[in-house]
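Reading through the structure tokens given below for one structure.
Computation of the quantities below employed the complete heavy-atom set of this structure, encompassing side-chain atoms and omitting hydrogens, waters and symmetry-equivalent molecules.
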Amino acid sequence: MKSSEKGDRLRARYLLVAVYVLTVLIALAASPDYSKAGMQAFSDPEDVMNSFYYFAVILAFTAFILIMARFMQNLIQWLMYILIFISMYYVLYPFLSILSAVVSFLLIILLIKRANWLIIDITALLLAAGVTSIFGISLTPFPVIVLLIILAIYDFISVYKTGHMVDLADSITRMKLPLLFIIPFSRDFRLKNLEDAREKAVFMGVGDAVIPNILVVSVQVFTDSSYLFFIKLSALFTLIGGIIGLFLLIYTVETKEGAHPGLPFLNSGVIAGYLAYLFLYS
């Protein structure tokens with residue numbers, strides 16, 4: 001690989017760090033409005049069983065996508081557009097009221113007609129920030145930590161052992177769904193399939209931005225901590241831990257060939273950041 005190409009690839013990865021941070025900043029800004037609108041996903045935020053319900057939904061959703069993508073790709077693509085529209089509507093509703101339906105519809109039209117990487121990233125960012133905020137206000141830190149540990153183990157197995165998470169990413173890429181963040185580093189980038197696209201862009205799953213940052217929002221909402229500007233110190237420590245985990249993930253991807261799971265790095269980072277805060281300030 002030429003040094004210039006390697007530099008472009010590395011710069012693109014660092015842009016994903018900016019996307020990661022922007023996701024959680026938007027989620028933190030949205031959380032008071034979502035709380036007022038009563039958009040909590042669970043009635044009892046302290047119930048650890050909620051973490052297992054969440055995990056079960058993820059397993060079912062992954063299996064559904066993989067099976068349907070293999071046999072009925074067009075059908076699953078349209079079903080996903082409907083789900084994305086509904087999700088976008090609820091994400092934007094506290095801010096735009098009924099106009100959220102118009103904005104969501106326009107984004108879906110753009111995804112169908114002009115699904116370039118920029119449209120995919122904008123839609124993915126709005127979805128990621130909204131989902132992060134909704135689940136962050138729905139679970140206290142302990143159930144979130146349980147969920148993060150489970151999902152980190154699952155991500156490790158699904159990438160290194162079964163490989164089905166790589167298959168899922170390939171299906172999402174071919175269907176041009178906003179479930180991946182895409183940062184091209186090549187001018188002739190075309191989004192056809194994951195194998196070809198890997199040579200000209202870097203990727204981060206939306207789940208890699210959502211899952212760890214649920215803990216950041218949860219800590220912001222449910223812990224008693226002093227503020228540094230708009231963010232509580234507890235949430236700031238948690239966020240910094242996640243950013244460190246992301247840099248470690250980037251280093252691993254740059255130095256070791258093949259696909260690598262993001263959640264073991266990211267989830268470990270945010271948990272370590274939160275525990276560091278507890279150790280220093282409790």
- So how far is it from S268 OG to L249 CG, rounded to the nearest 0.5 Å? 11.0 Å

- Only counting residues at least two apart or in another chain, list the ones meeting side-chain contact (heavy atoms from CB on, under 4.5 Å) with L233. S225, S226, L228, L236, Y277, Y281

- Task: Give a yes or no on whether I231 and F229 share a hydrophobic cluster (residues Ile, Leu, Val, Met, Phe, Trp, Tyr; joining criterion: side-chain heavy atoms under 4.5 Å apart).
- Result: yes

- Query: Could you state the interatomic distance from CG (L107) to CG (L126), rounded to the nearest 0.5 Å?
  - Reply: 6.5 Å

- Of all heavy-atom pairs between L125 and V19, which one has the smallest distance, and what is that distance? CD1-O, 4.3 Å

- Query: In the single-linkage hydrophobic clustering (I, L, V, M, F, W, Y; side-chain heavy atoms under 4.5 Å), do I98 and F95 co-cluster?
  - Reply: yes

- Message: Between S51 (side chain only) and P143 (backbone N and O only), is there a donor and an acceptor less than 3.5 Å apart?
- Response: yes

- Item | Where G205 and F181 come nearest, the two heavy atoms and their spacing | O-CD1, 4.4 Å

- Message: According to side-chain contact (heavy atoms from CB on, under 4.5 Å), who are the partners of I150, at least two apart in sequence or on a separate chain?
- Response: F52, F55, V146

- Message: Less than 4.5 Å apart, side chain to side chain, heavy atoms only: is that true for L239 and V270?
- Response: no

- Quick one: do I149 and I271 satisfy side chain to side chain contact (heavy atoms under 4.5 Å, CB included)? Show the steps, please. CA-CA 9 Å; I149 292 171; I271 293 171; 4.0 Å; yes

- Which residues pass the side-chain contact (heavy atoms from CB on, under 4.5 Å) test with L118, sequence neighbours left out? N116, I122

Could you list the donor-acceptor pairs under 3.5 angstrom formed between side-chain atoms of residues 32-46 and any protein atom two or more places apart in sequence or on another chain?
unit_1, atom_1, unit_2, atom_2, d
Y34, OH, V91, O, 2.5
S35, OG, S31, O, 3.0
D44, OD1, E46, N, 3.2

Hey, can you pull the donor-acceptor pairs under 3.5 Å for the side chains in residues 211-221, sequence neighbours left out?
unit_1, atom_1, unit_2, atom_2, d
N213, OD1, Y20, OH, 3.4
N213, ND2, A209, O, 2.8
S218, OG, L139, O, 2.6
Q220, OE1, K232, N, 2.9
Q220, NE2, F230, O, 3.2

Table please: side-chain donor-acceptor pairs of residues 75-88 below 3.5 Å, with sequence neighbours left out.
unit_1, atom_1, unit_2, atom_2, d
Q77, NE2, Y81, OH, 3.3
Q77, NE2, M175, O, 2.8
S87, OG, L83, O, 2.9

- Message: Taking side-chain hydrogen bond (donor to acceptor under 3.5 Å, both in side chains) as the cut-off, I'd like each qualifying pair that reaches into residues 92-101, sequence neighbours left out, listed once.
- Response: none

- Task: Could you pull out all residues at least two apart from Y90 that satisfy ring-ring contact (aromatic ring centres under 6.0 Å, His included)?
- Result: none

- Y251 OH: over 12 foreign heavy atoms closer than 6.0 Å: no

- Message: Taking the side chain as everything from C-beta on, heavy atoms only, tell me whether V253 gets closer than 4.5 Å to R13.
- Response: yes

- D155 side-chain N/O to G262 backbone N/O, donor-acceptor pair under 3.5 Å: yes

- Query: For F135, what residues pass the ring-ring contact (aromatic ring centres under 6.0 Å, His included) criterion, not counting sequence neighbours?
  - Reply: Y54

- Query: Quick one: does S158's side chain have a donor or acceptor within less than 3.5 Å of a partner on Y154's backbone?
  - Reply: yes

- Query: Considering residues at least two apart in sequence or located in another chain, which fulfil the side-chain hydrogen bond (donor to acceptor under 3.5 Å, both in side chains) criterion with S234?
  - Reply: T223

- Task: Could you pull out the closest heavy-atom pair between I134 and I137, with the gap in Å?
- Result: O-CG1, 3.2 Å

- V103 and Y89, any side-chain heavy atoms less than 4.5 Å apart: no

- Query: Taking only residues two or more places apart in sequence or in another chain, which ones pass side-chain hydrogen bond (donor to acceptor under 3.5 Å, both in side chains) with Y53?
  - Reply: none

- Item | Value rounded to 0.5 Å, distance of CG in L179 from CD1 in I120 | 9.5 Å

- Please lay out, stage by stage, how F247 and F265 fare under the test side chain to side chain contact (heavy atoms under 4.5 Å, CB included). CA-CA 9 Å; F247 275 110; F265 295 92; over 6 Å; no

- Test I250 against V17 for side chain to side chain contact (heavy atoms under 4.5 Å, CB included), laying out the working first. CA-CA 9 Å; I250 290 172; V17 177; 3.6 Å; yes

- Item | Connected via hydrophobic side-chain network under 4.5 Å: F279 and L275 | yes

- Item | Spatial distance of atom CD1 (I153) from atom CG (L263) [nearest 0.5 Å] | 11.5 Å

- For the residue pair A124 and V206, what are the closest heavy atoms and their distance? CB-CG2, 3.8 Å

- Please check if L280 and Y227 belong to a single hydrophobic cluster, counting links between Ile, Leu, Val, Met, Phe, Trp and Tyr side chain heavy atoms closer than 4.5 Å. no

- Working to the nearest 0.5 Å, report the span between OG1 of T140 and CG of N50. 9.0 Å

- Item | side chain to side chain contact (heavy atoms under 4.5 Å, CB included) between D121 and I182, intermediate numbers included | CA-CA 6 Å; D121 283 354; I182 306 162; 4.0 Å; yes

- Item | Distance (rounded to the nearest 0.5 Å) between L147 CG and F142 CZ | 12.0 Å

- Message: Just to verify, what does K113 make a side-chain contact (heavy atoms from CB on, under 4.5 Å) with, not counting sequence neighbours?
- Response: I109

